[in-house]
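Note that these values count all heavy atoms, side chains included, but never hydrogens, waters or copies made by symmetry. Here, residue 1 is the first one in the sequence, and each next residue gets the next number.
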Amino acid sequence: MAFAFESFVLVPDLSRIASRREREKNIRSRMPWLLAAELLYHFYRTPISQGTGYAVALYPEAAPPDFQRRYFSCLGLEGRPPTREDWLASLRGEPTEPLGDLFAACFSGRCVLGAALPPLFKKTLNVLNIPWIDIAPHPVRYLDNLLHAFSTNVPAVDALFERESLSSHYFEAAAAHEMARYAINVQHCDFWLPGPSALIVEPANDLPSFDAGEKEFFFTSAAGRLREACREYRRVFCASALTWERGRLSSLTGEEEKLLDSLGVIRLPDPRYEQFRNHYMLLAHPAVSRVIGRTEGDILEARLFGRECESLAHSPPGAAPARPIYETPFTSAFWHRVVAAFAAPKASAPPEDMRWPVPKLRLVMRDRGGFDDSLSLQQAVQTGELKREVRELQRFCHVQRIFTEQLPKFRKESAVAAGRLAAASSEGKEQASCAVFCAGDNAVTAQAVVALCSFRKNGVCGDLFYVTDVEALSEENRRLLALFDITPLHTRYADNFAISYLPTTPSAYNQFAGPGLLAARDYRHSLGVQADVLCIRYFDPRAVFAKTNVIAATHNNLTEKRASTYARPDELVNNYGSDGDILDTMRINPGVLFFHNVNCADNNIENKLVDIYNAISRENILLEEETVFNILMSLNPAYLTIIDPEYNCLTLHNFGNMLPYCLHFAWIYDKPWHILEYGKSIKYPTADYCKKMWHDAARDILGDTLYEAYIAPKIILM
């Protein structure tokens with residue numbers, strides 16, 4: 001087939017209508033495809049013109065003013081805009097004489113560059129012997145940049161594209177690198193999934209698919225197969241390669257969404273699975289064993305990740321095979337070779353080693369095309385660090401405003417309320433059955449004194465206790481406790497929970513014994529707090545005790561699951577015969593626990609906690625006593641009463657719009673006695689702000705002399 005041409009013209013799919021996603025974003029009909037052609041024009045016009053000597057024109061400037069009206073008329077769209085049905089018809093249509101006449105008048109003597117041209121457009125150009133080169137985004141999107149796929153009706157050029165195209169080995173190796181990128185996530189318990197799980201891939205574009213009868217295919221057409229998959233797999237997710245940063249803009253129809261919801265399919269993004277921020281995390285996850293999509297193009301990436309795949313439909317008919325080519329199309333030497341394959345270039349061949357800038361397609365097209373923002377690792381780290389610092393600064397300003405506006409008011413209320421309770425003997429007697437206890441050992445005695453006395457200072461009138469191995473308690477710490485009227489309670493556990501690799505003291509497990517020891521002393525209720533908790537404003541625990549059945553606790557936050565406290569969740573599922581659903585419930589934090597001591601004793605809570613500890617492997621306990629409490633609550637949900645996060649506000653998580661009752665410095669490097677060096681602290685202004693509050697409270701409670709003796713030596717500069 002011989003071709004001749006004098007210039008290039010870049011043309012989009014003029015009959016394509018706006019997708020549902022674009023309509024939701026209020027983009028005018030067909031505008032995205034005109035924009036796609038304009039982007040290609042800017043990417044390629046310079047290397048094409050400099051490498052070949054031919055001019056490059058862009059539709060609509062290169063076409064008669066009435067071209068689109070006449071084109072619609074040839075498609076039977078006289079006087080009306082195209083519908084989706086018209087577009088589908090154009091995908092399966094055959095050239096007509098009026099369409100041939102129109103194309104001959106506009107494109108003769110030119111080489112057509114297409115921006116994802118439909119089959120009918122290409123067929124008509126073939127009949128007229130007009131050369132075309134079509135450029136479309138390639139469905140593989142996990143490389144460090146997007147790439148284009150090329151097809152043509154010029155055999156010599158197609159042979160060149162085949163030589164230049166990337167092989168499947170390249171994509172498989174890149175997929176292996178992507179799996180390595182997410183492997184460290186999979187090892188973390190937050191990313192645990194029960195196996196086997198499956199993934200349904202949403203189409204990453206709006207190209208239709210067809211069933212065996214050449215009718216348009218929707219997931220509702222395969223409802224039976226999807227229902228079978230939901231019975232076969234423990235979890236079934238539905239996700240897309242499209243970005244989620246700007247909210248969910250689904251490519252599914254309303255009926256498809258209803259079907260998936262009725263089958264219990266987890267459509268990402270989902271607050272329960274916020275950690276899976278893109279579908280590559282699922283493709284890389286060992287628990288995801290099968291991937292289901294509409295067409296082979298939708299599941300191509302999954303095949304490259306080595307997953308079992310199933311396509312339910314067929315791609316549009318007549319689509320030519322496309323060659324994925326990386327980087328070289330943006331060089332003038334590439335286009336010189338393309339034109340030399342079927343015509344005489346007007347420009348001399350540029351040197352092969354001439355450097356050309358490669359556009360950052362992913363960044364340029366992400367707002368327009370919704371591509372997943374899966375940047376290279378270095379870009380991701382830099383972008384993530386910048387976003388995190390901005391978020392932390394915003395959060396600091398929010399927290400600072402809450403404390404500066406609300407803390408003075410609440411301090412006055414606390415003083416008035418505490419004075420009223422101290423003056424009213426009847427109030428004191430009414431609360432005599434309440435106790436506040438902290439579990440620990442010699443290492444955290446001073447911090448426990450600060451924690452316990454902060455509750456006394458803010459109106460909690462119960463007696464104070466320190467649950468510990470009293471025999472091992474130093475004489476110095478005994479005197480400190482006595483000075484603040486804190487009674488040590490001996491626990492029989494001693495070193496039974498000594499686990500050397502844990503980052504905190506094993507004596508935290510002494511918390512198990514607190515309710516039983518206090519029930520034996522006729523305390524009906526107790527408030528169990530950890531040494532890294534600080535009560536900062538007045539509250540009356542009786543309101544919580546009144547609704548506490550056995551234990552009342554707060555959620556860690558609204559996204560973390562109980563599975564995140566276990567190093568090997570599968571062991572728990574096997575040990576306790578669970579289907580894994582209990583591990584998807586929200587995780588509680590034992591920093592502040594309200595106990596009904598009598599009911600704890602009646603239900604043998606202490607021994608149940610110890611039995612759980614002894615039943616699971618030590619390597620499974622990721623977060624000390626928190627792990628054991630969460631297993632107990634998973635197995636016995638009736639024991640648990642969920643209370644407001646204000647009673648146990650984790651300083652790196654749960655700041656709302658109200659000053660909390662208690663601050664909890666929950667993480668190992670968030671402890672108030674861990675101080676960041678100057679410069680590093682800029683990254684964590686909120687944490688440092690809260691730590692300063694803790695040290696101010698410690699000086700106020702202990703006095704300068706005891707603070708310098710007990711707290712100052714424990715400060716660790718990081």
Side-chain angles (χ1 to χ4, degrees), residues 411 414 418 435-458 460 462-491 494-495 498 502-511 513-514 527-537 590-592 624-625 651 662-678 681 687-718:
R411 279 178 173 164
S414 296
V436 185
F437 75 90
C438 182
D441 57 9
N442 277 304
V444 293
T445 303
Q447 293 93 321
V449 169
V450 174
L452 291 169
C453 291
S454 70
F455 284 85
R456 174 188 286 163
K457 181 179 178 182
N458 284 289
V460 181
D463 299 325
L464 306 184
F465 295 90
Y466 191 46
V467 181
T468 186
D469 179 4
V470 176
E471 296 174 357
L473 202 61
S474 70
E475 188 62 33
E476 186 180 15
N477 282 332
R478 290 171 191 257
R479 289 196 298 269
L480 181 65
L481 293 172
L483 183 63
F484 290 92
D485 197 20
I486 299 172
T487 304
L489 296 179
H490 181 65
T491 170
D495 292 329
L502 291 177
T504 60
T505 170
S507 64
Y509 291 97
N510 292 335
Q511 193 173 16
L527 179 61
V529 303
Q530 295 181 344
D532 53 359
V533 170
L534 182 70
C535 181
I536 60 173
R537 73 178 175 98
V592 179
E624 304 87 32
E625 81 289 351
T651 57
C662 307
L663 292 178
H664 184 190
F665 301 84
W667 289 271
I668 182 64
Y669 296 117
D670 184 39
K671 304 304 180 191
W673 44 93
H674 289 168
I675 305 299
L676 291 171
E677 296 178 36
Y678 177 77
S681 60
D688 280 3
Y689 188 83
C690 294
K691 289 178 182 180
K692 182 180 184 302
M693 287 191 61
W694 187 92
H695 284 276
D696 290 343
R699 281 189 180 275
D700 184 44
I701 290 170
L702 298 175
D704 289 342
T705 302
L706 292 179
Y707 175 88
E708 294 298 332
Y710 285 94
I711 300 299
K714 299 180 183 297
I715 294 176
I716 301 172
L717 189 65
M718 295 187 301

Residue pair Tyr509 / Thr491, side-chain heavy-atom distance below 4.5 Å
no

TODO: May I ask you to test the Gln530-Pro590 pair for a side-chain heavy-atom distance under 4.5 Å?
DONE: yes

Closest heavy-atom pair, Ala451 versus Phe455, reported as atoms and distance to 0.1 Å, is O-CD1, 3.0 Å

(request) For residues Ile701 and Phe484, determine if any side-chain heavy atom of one lies less than 4.5 Å from a side-chain heavy atom of the other. (result) yes

Interatomic distance, CG@Leu452 vs SG@Cys438, rounded to 0.5 Å, equals 5.0 Å

Correct closest heavy-atom pair for Ala446 and Leu480 would be CA-CD2, 3.9 Å

| message | Could you check whether any side-chain N or O of Arg478 sits under 3.5 Å from a backbone N or O of Leu473, counting only pairs where one atom can act as donor and the other as acceptor? | response | yes

So CG of Leu702 and CD of Glu708: to nearest 0.5 Å the spacing works out to 10.5 Å

TODO: Measure the shortest side-chain to side-chain distance between Asp469 and Asp441 over non-hydrogen atoms and say whether it is less than 4.5 angstrom.
DONE: no

dist Arg456:CZ -> Ile486:CD1 (nearest 0.5 Å) comes out at 6.0 Å

_Any heavy-atom pair between the side chains of His695 and Ile711 that's under 4.5 Å?_
yes

Per side chain to side chain contact (heavy atoms under 4.5 Å, CB included), His490 is matched among Val470, Val467, Thr468 by Val470

Given the options Thr445, Leu489, Thr487, Tyr466 meets side chain to side chain contact (heavy atoms under 4.5 Å, CB included) only with Thr445

Q. Heavy-atom distance under 4.5 Å between the side chains of Asn510 and Phe437, does that happen here?
A. no

Residues Cys690 and Phe665: closest non-hydrogen pair is O-CZ, 3.4 Å

Quick one, Leu481 and Leu483 - any side-chain contact, counting heavy atoms below 4.5 Å?
no

* Where the side chain of Asn442 meets the backbone of Asn477, is there a donor-acceptor pair that is under 3.5 Å apart? -> no

I'd like to know if the side chain of Asp532 reaches the main chain of Lys671, judged simply by a donor and an acceptor atom lying under 3.5 Å from each other, with no hydrogens or angles considered.
no

One should read off an interatomic distance between Cys535 SG and Leu527 CG, to the nearest 0.5 angstrom, of 8.5 Å

Smallest heavy-atom separation, Gly591 atom then Val533 atom, equals O-CG2, 3.6 Å

- Heavy atoms, side chains only, cut-off 4.5 Å: are Asp485 and Leu464 in contact? no

Practice item. For the pair Lys691 (side chain) and Trp673 (backbone), establish whether a donor and an acceptor sit closer than 3.5 Å, ignoring hydrogens and angles. Key: no

The reported gap from CD1 in Ile536 to CE in Met693 (rounded to nearest 0.5 angstrom) is 4.5 Å

